[in-house]
Amino acid sequence: MPELPEVETIRRSLDPLVVGRRIEAVEIRCRQLRRPLDKDFAGQLVGRAICATGRRAKYLLFGLDNGKSWILHFGMSGRLFLRRSFPAAGAGTAGKHDHVIVSFDDGAALVFHDPRRFGLMLVDEGTTCPLFDGLGPEPFDCDAFDGEYLKRLGRTTRRSIKDVLMDQRVVAGLGNIYVNEALFACGLRPRRRLSRLTRAQCNALVESCRRVLREAVEHRGSSISDFLDGVGRRGGYQYKHHVYDRAGEPCSRCGSTIKSVVIGQRSSFYCPKCQS
DNA sequence: GTAAACCTGGCA
DNA sequence: TGCCAGGTTTAC
C-alpha cells in the first residue's frame with residue numbers, strides 16, 4: 001500500500017497527536033512480520049517519550065528521547081492508527097491483524113494493523129539504521145536526484161525507466177502507483193530504456209516524479225481499497241490518477257484506451273497516444 | 001533479467 | 001478456483 005505520499009500522510013496525521021507523549025506499554029499479538037520482531041522490541045519502547053516524527057523513503061520514524069527511533073515499514077497492507085482510548089492489554093478488543101499495540105499513559109494507543117504481514121518494525125538509530133544503507137536519494141532532494149543523475153545512470157544500464165524508478169536504490173519512495181503516474185505526466189512509456197532518453201527527457205522525468213508526489217501528498221495519498229491515515233481518513237489522490245488501474249478506460253487527456261503491460265512482475269499502465 | 005518467496009483478502 | 005494487489009528479498 002503505502003508509497004511515499006501515504007507514509008508522509010500518516011506521519012502528518014499523527015505528528016501533533018503523539019509528539020511529547022510517553023509510551024507506557026507495548027502489546028505484541030503477532031511477532032511474525034516480514035522479519036520477526038526483535039526479542040527486545042517492546043523493551044526498547046516502554047518508558048520512552050516520542051520527540052519527533054520523520055520519514056525516510058517509505059519508512060516512518062518516531063524519534064525517541066534516547067536518540068533512537070522506532071522505525072516502521074508498511075509493506076503492501078500495513079496501517080498505523082491512533083485509538084483515542086484503548087482498553088488494557090488483553091482486554092480482547094483488538095481487531096484481527098492488529099499485530100502491535102503501543103499504548104500511552106492516558107489509554108490512547110497506536111495500533112499497527114497488517115493483514116499480509118509484509119510490514120516491518122524495529123528500534124534503531126534513525127540515521128545509521130542498516131535498512132537505509134542501500135536507499136537512493138529522496139525524490140525531493142534536488143541536489144542528488146536530477147536529470148543529470150538519471151542521464152549518468154543511463155550510460156551503464158539497459159533497464160527500462162519503469163524498472164529504474166521502482167528501484168529504491170536509485171530513488172527512494174516511489175512505488176507502482178506513482179511511477180505509472182509520473183510516466184504519464186511526462187509522456188514516456190514505461191518500457192522506454194533509460195539509456196535512450198535525452199537529457200531534456202531525464203529532466204522532465206525527474207520533475208514529473210516530484211510533481212506527482214507533491215500533488216499526492218497534498219491530496220493526502222491514494223486510497224485504492226484500504227489506505228487510511230493515522231486518524232482513519234481516506235486519501236483523495238485516487239481520483240486524480242490518470243492511468244494507474246485504469247486499463248480499458250478512456251484516457252482523460254485524449255480518449256484513447258489505457259493499456260496495461262507487465263514489467264518486472266508489476267502491472268504498468270499507459271496511454272498509447274499520450275505516451276511514447 | 002526473471003521468478004518465486006513471504007501473507008491475506010477481494011473479486012470474477 | 002484462480003488471479004490479482006500499494007513491497008522487498010532471495011534464488012536461479
Side-chain angles (χ1 to χ4, degrees), chain A residues 1-11 29-37 55-60 71-81 95-100 112-122 129-136 139 153 156-183 190-195 209 212-213 216-217 219-230 234-248 260-269:
Chain A
M1 178 209 326
E3 304 180 29
L4 183 154
E6 288 75 33
V7 178
E8 181 62 19
T9 298
I10 295 171
R11 189 193 71 73
R29 307 180 72 243
C30 173
R31 306 194 86 86
Q32 203 65 42
L33 301 180
R34 197 170 88 214
R35 279 159 31 178
L37 288 179
R55 180 191 57 74
R56 171 72 175 107
K58 300 174 189 173
Y59 292 90
L60 178 65
I71 301 169
L72 301 90
H73 192 285
F74 296 96
M76 292 279 253
S77 58
R79 279 191 216 167
L80 185 71
F81 51 90
K96 195 177 181 185
H97 307 306
D98 290 349
H99 303 315
V100 177
F112 182 75
H113 171 99
D114 186 7
R116 294 178 72 177
R117 284 185 272 128
F118 289 171
L120 195 59
M121 229 188 279
L122 76 167
C129 172
L131 282 173
F132 302 158
D133 280 352
L135 289 180
L153 243 171
T156 57
T157 184
R158 291 166 57 80
R159 298 164 75 192
S160 70
I161 49 179
K162 170 84 194 296
D163 191 35
V164 167
L165 293 177
M166 291 286 287
D167 187 341
Q168 303 300 297
R169 296 168 302 182
V170 172
V171 57
L174 290 156
N176 205 25
I177 293 176
Y178 298 107
V179 169
N180 276 292
E181 293 301 321
L183 291 174
R191 278 212 230 263
R192 289 284 292 269
R193 279 188 189 161
L194 182 61
S195 59
C209 289
V212 164
L213 289 172
V217 170
H219 285 84
R220 301 185 5 268
S222 301
S223 291
I224 298 298
S225 62
D226 57 4
F227 168 71
L228 300 173
D229 73 7
R234 280 168 57 84
Y237 197 68
Q238 63 279 13
Y239 302 117
K240 301 282 181 180
H241 293 174
H242 288 95
V243 288
Y244 180 78
D245 206 20
R246 292 198 180 282
S260 133
V261 293
V262 174
I263 300 174
Q265 296 186 106
R266 309 298 296 277
S267 293
S268 299
F269 307 90

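Heavy atoms only: backbone and side chains are in, while hydrogens, waters and symmetry mates are out. Small disclaimer: the values here were computed from a predicted structure and weren't measured. Below, read A as the first sequence line, B as the second, and so on, with proteins coming before strands; counting in each chain starts at 1.
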With the criterion being N/O to N/O and under 3.5 Å, what pairs connect the protein with nucleotides 2-4 of chain C, and how long is each?
none

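Atom-to-atom, NE2 of A/His241 to P of C/dA5 comes out at 15 Å; the value is rounded to the nearest Å. Taking atom NE2 of residue A/His113 and atom C1' of nucleotide C/dG6, one finds them 14 Å apart after rounding to whole Å. In this structure, CZ of A/Phe132 is placed 12 Å from P of C/dT8, rounded to the nearest angstrom. Between A/Arg169 atom CZ and C/dT9 atom P the separation is 9 Å, expressed in whole Å. Atom CD1 in A/Ile177 sits roughly 5 Å away from atom C1' in C/dG6 (whole-Å rounding).
Not counting sequence neighbours, A/Phe227 has no partner by the ring-ring contact (aromatic ring centres under 6.0 Å, His included) test. Remark: A/Phe112 pairs with no residue by the ring-ring contact (aromatic ring centres under 6.0 Å, His included) rule, at least two apart or across chains.
The salt bridge (charged side-chain N to carboxylate O under 4.0 Å, His left out) pairs that include a residue from residues 166-180 of chain A are A/Arg159-A/Asp167, A/Asp167-A/Arg169, where partners are two or more places apart or lie in different chains.
Comparing C/dT8, C/dG6, C/dA5 by their closest approach to the side chain of A/Gln168 singles out C/dT8.
Pairs of Watson-Crick or G-U wobble type, with distances under 3.5 Å, assemble into runs of 3 or more in DNA chain B at these ranges: B:1-6 with C:7-12, B:8-12 with C:1-5.
For DNA chain B, the outermost nucleotides in 5' to 3' order that have an atom under 4.0 Å from a heavy atom of chain A are B/dG1 to B/dG9.
Looking at heavy-atom distances under 4.0 Å, A/Asp226 makes contact with a base.
Once the 5.5 Å centre distance and the 30° plane angle are applied, the aromatic ring of A/Phe74 is found not to be stacked with the base of C/dG6.
Heavy-atom nearest nucleotides on DNA chain B were determined for A/Arg34 and for A/His97, and the one closer to the 5' end corresponds to A/Arg34.
The shortest distance between the side-chain N/O atoms of A/Lys58 and the OP1/OP2 oxygens of C/dG6 is not below 4.0 Å.
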